[in-house]
Amino acid sequence: MEIQLYNSMSKKTETFTPIHKEAVGMYACGPTVYNYAHIGNLRTYIFEDLLKRLFLTCGYEVRHVMNITDVGHLTGDADDGEDKMVKSSREKKQSVWDIAEFYTKAFFEDTDRLNILRPTVSCKATEHIGDMIALIRTLEEKGYTYEAGGNIYFSIDRFPAYGRLARLDAQDLQAGARIAVDENKRNPHDFVLWFTNSKYENHAMLWDSPWGKGYPGWHIECSAMSMKYLGNHFDIHCGGIDHIPVHHTNEIAQSEAATGETWVNYWIHGEFLILDKGKMSKSSGSFLTLQTLIDEGFDPLDYRYFCLGAHYRSQLKFSFEGLKAASQARRKLFAKVRALKESCDGSPGADDSGKPYADRFLADAADDLNLPKALASVWALLKDDTVSAAGKLNALYRMDAVLGFDLPNLKTETAPAADEEETARIEALLAERREAKAARDFARADEIRDRLAAEGIRIKDTPDATLWEKI
């Protein structure tokens with residue numbers, strides 16, 4: 001099956017063609033382990049998990065590499081601000097090493113609770129300092145670096161293709177010249193490859209290097225570790241959309257300057273999860289953790305289902321009302337799967353009467369991970385009385401290979417019935433959809449329709465009203 005993916009580099013949806021037949025090399029930017037991951041971060045890891053599961057379902061072998069940033073990430077991506085690890089260490093009165101160990105463990109506990117498959121390789125920045133130094137030496141030998149104020153910088157003027165991912169043109173780069181961030185920089189968009197103690201005295205994490213005792217800049221770690229485990233040229237680099245203008249732009253520059261070849265074929269980025277007041281952010285203090293949702297009485301998989309209700313390239317607005325609806329839909333799905341298992345004694349055999357639904361689901365998933373549309377096939381299958389229980393179960397198991405709910409191994413749980421509050425919520429969404437259509441905001445109208453379909457709610461427009469039913 002062909003897989004279509006939106007490539008942030010070309011700004012087009014492209015047919016995925018692997019470098020190596022039936023194998024995918026995929027790198028994903030991992031967490032900076034100075035605090036708990038917030039649910040906006042976790043949305044990105046869920047979308048990357050769906051992509052990985054899709055490749056596995058389509059028969060590919062996936063080598064998934066993810067970094068753990070446990071050193072060198074400043075509070076500002078453009079080399080400004082304070083080191084996040086040191087800041088957290090001071091606030092929590094613990095060593096930076098203890099901070100990193102604690103939050104790395106907490107991160108993987110969260111991803112495990114969300115049924116996110118672990119990476120093939122999880123690599124810590126602190127364990128790959130030598131690889132970073134070697135890469136910086138290569139850049140130095142090729143004339144891409146300069147030393148100023150005791151630090152080693154990458155000169156973007158030596159790399160003419162700088163900024164093509166973010167579509168930065170000469171005017172954008174000139175505008176940056178008016179921003180005084182670091183007086184040592186020849187160009188404001190230049191970035192640090194290695195900090196020395198001439199700038200950060202008494203820094204907690206320091207290593208010997210050809211340029212003095214210090215520590216690496218944030219961007220260099222992803223280039224060094226991805227190339228160590230995936231080679232100089234690999235298939236896919238994933239991450240949040242906020243990484244495009246600085247982090248990923250700088251990664252491309254230093255990687256391709258060092259090797260002289262294309263580094264990554266497909267750049268896949270996920271959009272923000274937003275609150276009423278805007279993007280979720282740890283620095284502003286406006287963020288929710290997975291444990292927050294659990295403390296409110298939700299199952300972690302409720303949040304996984306919630307994220308399936310919007311396309312990964314669309315902003316998703318979080319609300320507890322929306323999470324409650326996702327919880328009800330997820331519980332209803334699980335209850336139906338249990339009932340199907342009981343009706344065929346837990347073994348569906350080889351019945352493939354539900355195959356057309358599974359095929360349609362996979363086709364939608366392969367269309368740039370259109371999971372909101374794919375979920376509609378789940379509920380349509382459950383509604384179809386012409387498909388046997390065994391056929392439904394087999395099809396659901398195929399779908400679940402991408403969805404990641406582990407449907408064959410469900411625990412006992414009672415599905416709640418719909419209540420008046422849920423009915424009022426659905427009616428309010430339908431009213432909003434009518435208003436959107438009247439205002440010719442068809443994108444919003446379609447988004448509401450897809451969201452309801454993902455919850456197992458089918459709507460039908462008539463001349464007089466919009467009718468709905470739970471499938």
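Just so it is clear, the values below take in all heavy atoms, side chains as well, and ignore hydrogens, waters and symmetry mates. Quick caveat, the model's predicted, so the values are computed rather than measured.
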Exercise for review: Show the numbers, then the answer: is there a salt bridge (Lys or Arg N to Asp or Glu O under 4.0 Å) between D302 and R330?
Suggested key: CA-CA 6 Å; D302 294 337; R330 196 269 309 166; 2.8 Å; yes
Practice item. Could you go through the salt bridge (Lys or Arg N to Asp or Glu O under 4.0 Å) check for D110 and R113 one step at a time? Key: CA-CA 5 Å; D110 280 349; R113 291 189 289 188; 2.6 Å; yes
Exercise for review: Answer whether the closest heavy-atom distance between the side chains of H233 and I19 falls below 4.5 Å.
Suggested key: yes
Exercise for review: Compute the ring centroids of Y215 and W194, then answer whether they are less than 6.0 Å apart.
Suggested key: no
**Study point:** Nearest heavy atoms of G240 and T44, plus distance in Å
**Key:** N-CG2, 4.0 Å
**Study point:** Neighbour count >12 (heavy atoms, 6.0 Å) for atom CD, E14
**Key:** yes
Practice item. Spell out, as yes or no, whether a donor-acceptor pair under 3.5 Å connects the side chain of R167 to the backbone of R164. Key: yes
Exercise for review: Run the ring-centre check on W218 versus H247 and record whether the distance is less than 6.0 Å.
Suggested key: yes
Exercise for review: Find out whether the Lys NZ or Arg CZ of R186 is both under 6.0 angstrom from the six-membered ring centre of Y153 and within 45° of the ring's axis.
Suggested key: no
Review point. Shortest non-hydrogen contact from C58 to I3?
Key: SG-CD1, 4.0 Å
**Study point:** Distance-minimising heavy-atom pair for N370 and H311
**Key:** CA-CD2, 3.9 Å
Review point. Are any side-chain N or O atoms of D208 and backbone N or O atoms of K213, one a donor and one an acceptor, separated by less than 3.5 Å?
Key: no
Point to revise | E251 and C222: CA distance, side-chain angles, deciding distance, side-chain contact (heavy atoms from CB on, under 4.5 Å) verdict | key: CA-CA 7 Å; E251 283 184 66; C222 287; 3.1 Å; yes
Check your understanding: Cationic tip of R398 within the cone over F361's six-membered ring, i.e. under 6.0 Å and within 45° of the normal?
Key -> no
Exercise for review: Show the numbers, then the answer: is there a side-chain hydrogen bond (donor to acceptor under 3.5 Å, both in side chains) between H269 and S8?
Suggested key: CA-CA 7 Å; H269 291 97; S8 298; 2.8 Å; yes
**Study point:** Any donor-acceptor N/O pair, T111 side chain to F108 backbone, under 3.5 Å
**Key:** yes
Check your understanding: Can you name the closest pair of heavy atoms from K52 and T120 and give their distance?
Key -> NZ-N, 4.4 Å
Exercise for review: Answer yes or no: is there an ion pair linking D112 with R118, defined by an N-O contact shorter than 4.0 Å?
Suggested key: yes
**Study point:** CD/E61: more than 12 non-hydrogen atoms of other groups inside 6.0 Å
**Key:** no
**Study point:** Distance-only polar pair, side chains of E256 and T262, donor-acceptor under 3.5 Å
**Key:** no
Practice item. Flag yes if more than 12 heavy atoms outside E2 fall under 6.0 Å of its CD atom; otherwise flag no. Key: no
Check your understanding: Can you list the steps and then say if E140 with R137 is a salt bridge (Lys or Arg N to Asp or Glu O under 4.0 Å)?
Key -> CA-CA 5 Å; E140 185 178 54; R137 287 296 299 271; 3.5 Å; yes
Practice item. Look only at the side chain of D368 and the backbone of L5, and say whether a donor-acceptor pair between them is shorter than 3.5 Å. Key: no
Review point. Ignoring hydrogens and geometry, is there a side-chain-to-backbone donor-acceptor pair from S377 to K373 under 3.5 Å?
Key: no
Exercise for review: Decide yes or no on ring pair (Phe, Tyr, Trp, His ring centres under 6.0 Å) for Y103 and Y34, but give the supporting numbers first.
Suggested key: CA-CA 6 Å; Y103 287 114; Y34 70 102; 7.7 Å; no
Check your understanding: Taking the six-membered ring for Trp, is the centroid-to-centroid distance between Y45 and F107 below 6.0 Å?
Key -> yes
Point to revise | Distance in Å, S327 OG paired with D299 CG, rounded so as to fall on 0.5 Å steps | key: 7.5 Å
**Study point:** Nearest-0.5 Å distance that lies between atom OG in S319 and atom CG in L275
**Key:** 10.0 Å
**Study point:** Derivation of the salt bridge (Lys or Arg N to Asp or Glu O under 4.0 Å) call for D49 and R304
**Key:** CA-CA 11 Å; D49 184 61; R304 186 179 180 98; 2.7 Å; yes
Practice item. Might you point out which heavy atoms bring K185 and D190 nearest each other, and give the distance in Å? Key: NZ-O, 2.9 Å
Check your understanding: When rounded to the nearest 0.5 angstrom, what is the spacing between CG in D359 and CE in M399?
Key -> 9.0 Å
Practice item. Drop me the distance from D131's CG to S223's OG, to the nearest 0.5 angstrom. Key: 12.0 Å
Practice item. Give a yes/no verdict on a cation-pi contact between R451 and F306, requiring under 6.0 Å between NZ or CZ and the six-membered ring centre and an angle within 45° of the axis. Key: yes
Check your understanding: Within the distance-only criterion (no hydrogens, no angle test), does the side chain of N115 pair as donor or acceptor with the backbone N or O of G404 below 3.5 angstrom?
Key -> yes
Point to revise | Derivation of the side-chain hydrogen bond (donor to acceptor under 3.5 Å, both in side chains) call for Q291 and D295 | key: CA-CA 6 Å; Q291 189 60 48; D295 292 343; 2.9 Å; yes
**Study point:** Partners passing side-chain hydrogen bond (donor to acceptor under 3.5 Å, both in side chains) against Y27 (at least two apart in sequence or in another chain)
**Key:** N67
Point to revise | Ring centers of H128, Y229 separated by less than 6.0 Å | key: yes
Exercise for review: Verify side-chain contact (heavy atoms from CB on, under 4.5 Å) between V65 and M225, making sure each step is shown before the conclusion.
Suggested key: CA-CA 9 Å; V65 178; M225 293 192 289; 5.6 Å; no
Check your understanding: Does K142 reach the main-chain N or O of A258 with its side chain, forming a donor-acceptor pair under 3.5 Å?
Key -> yes
Exercise for review: Please report the closest heavy-atom contact between F159 and A253, naming both atoms and the distance.
Suggested key: CE2-CA, 3.7 Å
Exercise for review: Assert yes or no for the condition that the ring centre distance of F320 to F318 is strictly below 6.0 Å.
Suggested key: yes
Check your understanding: Around atom NZ of K21, are there more than 12 heavy atoms of other residues, nucleotides or ligands at under 6.0 Å?
Key -> no
Revision key, fill the gap. One should read off an interatomic distance between N41 CG and C29 SG, to the nearest 0.5 angstrom, of 12.0 Å
Exercise for review: Please confirm whether H219 and H248 have ring centers closer than 6.0 angstrom.
Suggested key: no
Point to revise | Trace of the side-chain hydrogen bond (donor to acceptor under 3.5 Å, both in side chains) decision for S314 with E271 | key: CA-CA 6 Å; S314 298; E271 256 287 3; over 6 Å; no
Check your understanding: S209 side chain to W211 main-chain N or O, any donor-acceptor pair under 3.5 Å?
Key -> yes
**Study point:** Between F16 and Y266, ring centroids under 6.0 Å
**Key:** yes
**Study point:** Sidechain-backbone polar pair: D450 side chain, E447 backbone, donor-acceptor under 3.5 Å
**Key:** no
Review point. Salt bridge check: are E432 and R444 linked by an N-O gap of less than 4.0 Å?
Key: yes
Check your understanding: How far does CD1 of I274 sit from CZ of R43, to the nearest 0.5 angstrom?
Key -> 9.5 Å
Check your understanding: Can any side-chain N or O of N7 pair as donor or acceptor with the backbone N or O of N265 at less than 3.5 Å?
Key -> yes
Exercise for review: Under the side-chain contact (heavy atoms from CB on, under 4.5 Å) rule, what do I152 and V192 come out as? Steps first, then yes or no, please.
Suggested key: CA-CA 6 Å; I152 305 301; V192 178; over 6 Å; no
Exercise for review: Under the side-chain contact (heavy atoms from CB on, under 4.5 Å) rule, what do W97 and T126 come out as? Steps first, then yes or no, please.
Suggested key: CA-CA 10 Å; W97 307 99; T126 52; 4.0 Å; yes
